[in-house]
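Computed over heavy atoms, backbone and side chain alike; hydrogens, waters and symmetry mates excluded. Sequence positions, counted from 1, serve as the residue numbers for this chain. Fair warning: this is a prediction, and the values are worked out from it, not measured in the lab.
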Amino acid sequence: MAQGQRVGYIRVSSEGQNTERQLEGLQLDKTFTDKVSGKNQDRPQLQALLGHVREGDEVFVHSMDRLARNLGDLLQLVTDLTRRGVRVTFTKEAQTFTGDDSSASKLMLSIMGAVAEFERAMIRERQLEGIAIAKTKGIYKGRKPSLSDEQKAEVRARVAAGEKKAAVAKAFNVSRETIYGCLREA
């Protein structure tokens with residue numbers, strides 16, 4: 001296999017989170033950073049990385065849960081990359097996959113991926129339990145509305161005047177579904 005680029009992939013779940021600790025100290029030729037949920041593979045920088053890497057390249061990821069949130073996606077991504085001759089290294093787990101991996105390596109990937117998926121499910125379960133308790137105590141109010149009452153009245157007036165819902169959504173910097181919800185409330 002030819003010597004290629006050292007490419008990093010960094011992912012955090014939201015814009016405000018810090019990416020500094022991931023792949024710190026590694027010398028990389030190129031880095032792709034997503035600031036979105038890892039719930040699926042529909043991430044702009046992940047897709048850019050997949051289009052960028054070539055045979056002989058090595059992809060570095062801080063940990064398995066940064067590449068994928070579920071075992072199916074993790075196995076698919078690692079398999080697709082290694083079939084193309086791209087090595088995949090997870091620095092936290094100290095695991096590298098090349099496509100010529102032993103049965104034990106494949107088992108380790110599956111086990112560690114399943115553990116990461118299980119951890120995420122447990123976090124989500126605890127979060128939902130906490131929200132349920134907060135609701136019973138009257139503490140949890142949910143997310144703040146995207147539009148104030150005044151804005152909702154303006155949305156309804158603009159749509160009633162014939163303005164396209166997509167244009168109204170763009171003007172208020174909300175989704176079209178928010179506009180439809182506002183109209184259903186009326």
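Checking side-chain atoms of Thr79 against main-chain N and O of Gln76 turns up no donor-acceptor pair under 3.5 Å. A donor-acceptor contact shorter than 3.5 Å is absent between the side chain of Asp34 and the backbone of Arg11.
Grouping the Ile, Leu, Val, Met, Phe, Trp and Tyr side chains by contacts below 4.5 angstrom, directly or via other members, places Leu50 with Phe90. With hydrophobic clusters built from ILVMFWY side chains whose heavy atoms lie under 4.5 angstrom apart, Val7 shares a cluster with Leu77. Hydrophobic clustering (ILVMFWY, side-chain heavy atoms < 4.5 Å, transitive): Phe172 and Leu183 are in one cluster. The same ILVMFWY cluster, assembled from side-chain heavy atoms under 4.5 Å apart, contains both Val61 and Leu75. Each of Phe60 and Val86 belongs to its own hydrophobic cluster when Ile, Leu, Val, Met, Phe, Trp and Tyr are linked at side-chain heavy-atom distances under 4.5 angstrom.
Checked against the 6.0 Å centroid threshold, Phe32 and His52 count as a close aromatic pair.
Side-chain contact of Gln47 with Gln41: a donor-acceptor pair under 3.5 Å is absent, judged by distance alone. No donor-acceptor contact under 3.5 angstrom links the side chains of Gln95 and Thr89, judged on distance only. For the residue pair Ser175 and Glu177, no side-chain donor N or O sits within less than 3.5 Å of a side-chain acceptor on the partner. Between the side chains of His62 and Arg21, at least one donor-acceptor pair of N or O atoms lies under 3.5 Å.
A salt bridge does not link Arg69 to Glu117: none of the charged nitrogens lies less than 4.0 Å from a carboxylate oxygen.
Asn18 CG: more than 12 foreign heavy atoms inside a 6.0 Å radius. More than 12 non-hydrogen atoms from other residues, nucleotides or ligands lie less than 6.0 angstrom from CD of Gln127. Heavy atoms from other residues, nucleotides or ligands lying under 6.0 Å from CZ of Arg84 number more than 12. By the neighbour-count criterion of 12 heavy atoms within 6.0 Å, atom NZ of Lys35 is densely surrounded, having more than that number from other residues, nucleotides or ligands.
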Hey, mind stepping through Leu28 and Gln5 against side chain to side chain contact (heavy atoms under 4.5 Å, CB included) and telling me if it holds? CA-CA 8 Å; Leu28 301 168; Gln5 287 190 325; over 6 Å; no
Could you walk me through whether Val174 and Gln151 pass side chain to side chain contact (heavy atoms under 4.5 Å, CB included), step by step? CA-CA 11 Å; Val174 296; Gln151 289 173 317; over 6 Å; no
Please determine whether side chain to side chain contact (heavy atoms under 4.5 Å, CB included) holds for the pair Leu71 and Phe118, giving the CA-CA distance in whole Å, both sets of side-chain angles, and the decisive distance to 0.1 Å. CA-CA 9 Å; Leu71 182 57; Phe118 177 73; over 6 Å; no
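Exactly one of Val78, Asp73, Leu49 qualifies for a side chain to side chain contact (heavy atoms under 4.5 Å, CB included) with Leu67. That residue is Val78.
When side chains are defined from C-beta on, Val115 counts as touching Glu119, because their heavy atoms get closer than 4.5 Å. Looking at Thr91 and Gln22, their side chains never come closer than 4.5 Å, going by heavy atoms from C-beta outward.
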